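Step one of this worksheet: look at the structure below.
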Amino acid sequence: MPLNTAQSLAWSLARTLMTLIVLVRTDKGYVVMPSQEYDGNPDQVVREYDPWG
């Protein structure tokens with residue numbers, strides 16, 4: 001997934017689910033998921049989206 005698309009999706013999910021969402025860089029592009037589900041390398045996290053912040 002391209003970065004711009006991933007950023008839009010991350011913010012939308014954070015606001016819809018009202019939970020912290022992380023944007024993660026992988027070898028194949030970017031992935032968006034709730035932060036509590038991510039158990040990978042913290043250095044791969046590009047940004048966190050906090051709906052309350």
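Note that the coordinates shown come from a computational prediction; the quantities given were computed from them, not determined experimentally.
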Give every donor-acceptor pair under 3.5 Å between a side-chain atom in residues 10-22 and any protein atom, sequence neighbours left out.
{"unit_1": "T16", "atom_1": "OG1", "unit_2": "S12", "atom_2": "O", "d": "2.8"}

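Clustering ILVMFWY residues whenever any of their side-chain heavy atoms sit less than 4.5 angstrom apart, transitively, puts V46 in a cluster other than the one holding V31. Y30 and V45 fall into different hydrophobic clusters, where Ile, Leu, Val, Met, Phe, Trp and Tyr are joined by side-chain heavy atoms under 4.5 Å apart, directly or via other members.
One distance of note links CE of M33 with CG of D39; it measures 8.5 Å at 0.5 Å rounding.
Residues satisfying the side chain to side chain donor-acceptor pair (under 3.5 Å) test with E48, not counting sequence neighbours, are none. R47 meets the side-chain contact (heavy atoms from CB on, under 4.5 Å) test with Y49; sequence neighbours excluded.
Tested against Q7 for a side-chain contact (heavy atoms from CB on, under 4.5 Å), the candidates T5, L3, L9 yield a single pass: L3.
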